[in-house]
Amino acid sequence: MAQDFNEVANKWLNGNFDPETKGKIIELRNNDPAGFEDAFYKNLEFGTGGLRGLMGVGTNRMNKYTVGMATQGLANYILKKCVGDDLRVCISYDSRNNSKEFAKIASDVFSANGLHVFIFDNIRPTPELSYSIRKMRAVAGVMVTASHNPKEYNGYKVYWSDGAQIVPPVDGEIIDEVSKVNDPSLVKFERGEHCGEVELMGKEMDEAYLHDILSLTLSPESRARHSDIKIVYTPLHGTGVRIVPECLKRLGFTNVYHVYDQDVSDGNFPTVVSPNPEEPAAMKMALDVAEEKKADIVMATDPDADRLGIAVRDNDGNMVQFNGNQTASMLTYYILTRWKELGKLDSTKYIVKTIVTTQLIAEIAESFGVRCYDVLTGFKWIEEIVHKNEGKGYFICGGEESYGFNVGEFVRDKDAPVACSMVADCAAWAADQGLTLYQLMQKIYKEYGYRKESMVYIVRKGKSGAEEIAGMMDDMRQNPPKEIAGIRVSKVIDYECPDKTGLPKSNVLQFFNAEGDVVTVRPSGTEPKIKFYFGAKGDSADAKLKQLAVQFVK
């Protein structure tokens, strides 16, 4: 909610805030009036996933005070809702600037409220945090990360006792408690006499996590025959460096090449503009190493190692990057094929994808007689299905177009280390069939029909940007397109109408034409963007994607 930013800033200047913070407020006010307004015009929203925003001073920024208030609200909720003498919380953090400091603040506040804290001794991936929650029988977890956002951002992701990000009704109840902590004076920043214990997690948790996720791989004989496949891996200055190379080593791959400048854990991400494997520029250095080493595969994980981007050799020997839909489709096909060969498929097994992810995955599942659930955008909805089906079915795998994939039930979020392991496993299996990963993908297209997807976004920053994005969504609701890619629109789905979709309310629009092409539009929940997801079907799919981009992105 908008507030008088000058009045709020004066409260910070005259309140019990540290001198460094006050000095930065004055500097911001004097040198950047627009930034000053944006920093104080509202409170940084604690949303359904937690916090994410620019770092800096102010109520609308990630800083020690906003992190402290969020943690106090979460602690209050835990103490109100959870029963027991040993209420546990797990904490991890990535390589971003201030991540370690924010994690320590969260640890101190939880401990000061009498909670038993388990915090990693150094940076660790988001999926390992998810894994640790269930391993340590914790009631909640916090991951300090802004995932793949630019270096100016940080975030605070909240997990519940099932190891997944919070969903209704828990998310709304936590938001209510956090909203009550509207001043830093309400936060227990200092650990006192009756504080909860704080313990470090490290090598033992790494070993348990590695053991369990590697147990999910499917083709040890193929790996033994093709252990010399050449793989380039980059963590993009993030947490994956601590886990992924070890995964590949334990799987037996002997030719794994590093991008040494990007092995350095650095929150400034000095070698990339954005540490996002979805963006081709982020993989340039890895692709250069691949050319030097004549590598077969390139793998890149984002800073908190929950997303994976890959590149493979095409039939002409050129490196081409797979998008998230292609990687998820290929892995789904591979895993279901191997499960069928191993006699592991039955009616209790299922997969999950999001509504913006390619329909190819659903068609692959159908061909194997496996149920495919469709859920809202965000991996938390995939894992909600896993939670609901516990004891009734088994989650094989699931993915989303934004480079997230998971296998099995050990981790309750997207998991780049397990995805890296499965890509390598799949490559060895494909080699046994005389195929490269590129050729395997072409085989899938030949069997199920060609599809092509793309995503384009428009960035609109600050208060005025948020208002512009809201206006764009309103206009499309009131004046929906009559055709897409020159073909009449046959169906419109507005996900703000849960009675019609059967899914929770969400600010998403989908437009379908009679040939099966689809356009999905949604504002990002974590970045100042509006996203357009295009899906085209048939031999003319590439041409259709160009038409759609011109039609919708102006």
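Keep in mind that this is a model prediction, so the values were computed, not measured.
Using cut-offs of 30° and 60° for the angle between ring planes, the Phe534 and Phe552 rings count as tilted. Note: Tyr445 and Tyr450 have perpendicular aromatic rings, judged against thresholds of 30 and 60 degrees for the angle between ring planes. Between Tyr394 and Trp339, the angle of the ring planes stays under 30°, which puts this pair in the parallel group of the 30/60° scheme.
Classification of Lys230 and Glu292 as a salt-bridged pair fails, no side-chain N sitting under 4.0 Å from a carboxylate O. Using a cut-off of 4.0 Å between Lys/Arg side-chain N and Asp/Glu carboxylate O, Arg477 and Glu496 are scored as salt-bridged. Checked for salt-bridge contact, Lys414 and Glu400 meet the test: a charged N lies under 4.0 Å from a carboxylate O. A salt bridge does not link Asp304 to Arg96: none of the charged nitrogens lies less than 4.0 Å from a carboxylate oxygen. Remark: Arg250 engages Glu207 in a salt bridge, criterion side-chain N to carboxylate O under 4.0 Å.
For the residue pair Ser367 and Tyr448, a side-chain donor N or O sits within less than 3.5 Å of a side-chain acceptor on the partner. Asn268 and Asn97 share a donor-acceptor pair across their side chains, judged by distance under 3.5 Å alone. Side-chain N/O atoms of Tyr334 and Asp425 include a donor and acceptor closer than 3.5 Å. Side chain to side chain, Asn154 and Ser99 meet the donor-acceptor criterion of an N or O pair below 3.5 Å. Inspection of the Asp302 and Ser147 side chains reveals an N or O donor paired with an N or O acceptor under 3.5 Å.
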- Query: Could you go step by step and tell me if Asp263 and His258 meet the side-chain hydrogen bond (donor to acceptor under 3.5 Å, both in side chains) rule?
  - Reply: CA-CA 7 Å; Asp263 275 353; His258 291 243; 2.7 Å; yes
- Message: Could you go through Asp162 and Arg412, starting from their C-alpha distance and side-chain angles, then the distance that decides it, and tell me whether this counts as salt bridge (Lys or Arg N to Asp or Glu O under 4.0 Å)?
- Response: CA-CA 7 Å; Asp162 61 347; Arg412 302 299 173 91; 5.3 Å; no
- Any chance you could lay out the side-chain hydrogen bond (donor to acceptor under 3.5 Å, both in side chains) test for Ser274 and His148, step after step, and finish with the verdict? CA-CA 7 Å; Ser274 177; His148 57 292; over 6 Å; no
- Task: Any chance you could lay out the side-chain hydrogen bond (donor to acceptor under 3.5 Å, both in side chains) test for Tyr495 and Gln510, step after step, and finish with the verdict?
- Result: CA-CA 8 Å; Tyr495 287 89; Gln510 276 189 322; 2.7 Å; yes
- Message: Is there a salt bridge (Lys or Arg N to Asp or Glu O under 4.0 Å) between Glu278 and Arg307? Walk through the geometry before answering.
- Response: CA-CA 9 Å; Glu278 293 183 65; Arg307 297 172 190 251; 3.5 Å; yes
- Task: Could you give me the CA-CA distance, side-chain angles and deciding distance for Lys544 and Asp517, then say whether salt bridge (Lys or Arg N to Asp or Glu O under 4.0 Å) is met?
- Result: CA-CA 9 Å; Lys544 288 180 182 178; Asp517 307 316; 3.0 Å; yes
- Message: Before you tell me yes or no, could you show the steps for Arg488 and Asn513 under side-chain hydrogen bond (donor to acceptor under 3.5 Å, both in side chains), namely the whole-Å CA-CA distance, both residues' side-chain angles and the distance that decides it to 0.1 Å?
- Response: CA-CA 6 Å; Arg488 181 181 59 83; Asn513 69 18; over 6 Å; no
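Screening residues 312-323 for salt bridge (charged side-chain N to carboxylate O under 4.0 Å, His left out) gives Glu291-Arg313 as the qualifying pairs, with residues at least two apart or on separate chains. Listed by first and then second residue, the salt bridge (charged side-chain N to carboxylate O under 4.0 Å, His left out) pairs that reach into residues 318-329 come to none, sequence neighbours excluded. Evaluation of the salt bridge (charged side-chain N to carboxylate O under 4.0 Å, His left out) test over residues 428-449, restricted to residues two or more places apart or in two chains, returns Arg225-Asp432.
Taking all atoms of both residues into account, the shortest heavy-atom contact from Ala290 to Val298 is CB-CG2, 3.6 Å. Across every non-hydrogen atom of Lys531 and Ser524, the tightest pair is CE-CB, 4.0 Å. Shown here for Val489 and Pro481, the closest heavy-atom pair between the two residues is CG2-O, 3.4 Å. Contact between Lys344 and Lys349 at its shortest, heavy atoms only, is O-NZ, 3.4 Å. The heavy-atom pair separating Met330 from Cys426 by the smallest distance is CG-SG, 4.3 Å. Heavy-atom minimum distance, Ile484 versus Phe512: CD1-C, 4.0 Å.
Interatomic distance, OH of Tyr438 versus CG of Asn318, reported as 9.5 Å (0.5 Å rounding). Atom CD1 of residue Ile355 and atom CH2 of residue Trp381 lie 11.0 Å apart, to the nearest 0.5 angstrom. Between atom OG of residue Ser421 and atom CG of residue Leu251 there is a gap of 5.0 Å, rounded to the nearest 0.5 Å. Going from atom CD of Gln433 over to atom OG1 of Thr337 covers 9.0 Å, rounded to the nearest 0.5 Å. One finds the CG atom of Leu331 at 11.0 Å from the CG atom of Asn406 (value rounded to the nearest 0.5 Å). For the atom pair CZ of Arg451 and OG of Ser329, the computed distance is 9.0 Å after rounding to the nearest 0.5 Å.
Not one N or O on the side chain of Gln262 forms a donor-acceptor pair closer than 3.5 Å with the backbone of Tyr233. Of the possible polar contacts, one joining the Ser95 side chain to the His237 backbone as a donor-acceptor pair under 3.5 Å is found. Formation of a donor-acceptor pair under 3.5 Å by the Thr436 side chain with backbone atoms of Gln439 is found in this model.
At most 12 non-hydrogen atoms from other residues, nucleotides or ligands lie less than 6.0 angstrom from CD of Glu366. Annotation: Asp539, atom CG; neighbour count of heavy atoms from other residues, nucleotides and ligands within 6.0 Å does not exceed 12. Shown here is Lys284, whose NZ atom has no more than 12 heavy atoms of other residues, nucleotides or ligands within 6.0 Å. More than 12 heavy-atom neighbours from other residues, nucleotides or ligands sit within 6.0 angstrom of CZ on Arg338.
The one candidate from Lys135, Arg124, Arg242 that meets the salt bridge (charged side-chain N to carboxylate O under 4.0 Å, His left out) condition with Asp206 is Arg124. The residue from Asp306, Thr126, Asp94 that alone fulfils the side chain to side chain donor-acceptor pair (under 3.5 Å) condition with Thr145 is Asp94.
Residues passing the ring-ring contact (aromatic ring centres under 6.0 Å, His included) test with Phe253: none are found, sequence neighbours excluded. In this structure His211 satisfies the ring-ring contact (aromatic ring centres under 6.0 Å, His included) test with no other residue, sequence neighbours excluded. Partners of Ala431 by side chain to side chain contact (heavy atoms under 4.5 Å, CB included), not counting sequence neighbours, listed by chain and number: His226.
Aromatic rings of Phe532 and Tyr457 (six-membered ring for Trp) have centroids beyond the 6.0 Å cut-off, not under it.
Between Glu128 and Ser92 the shortest side-chain heavy-atom distance does not fall below 4.5 Å. With a 4.5 Å cut-off on side-chain heavy atoms, Asn325 and Leu360 do not count as touching.
Relative to the six-membered ring of Tyr131, Arg134 misses at least one condition, a distance below 6.0 Å or an angle of at most 45° to the axis.
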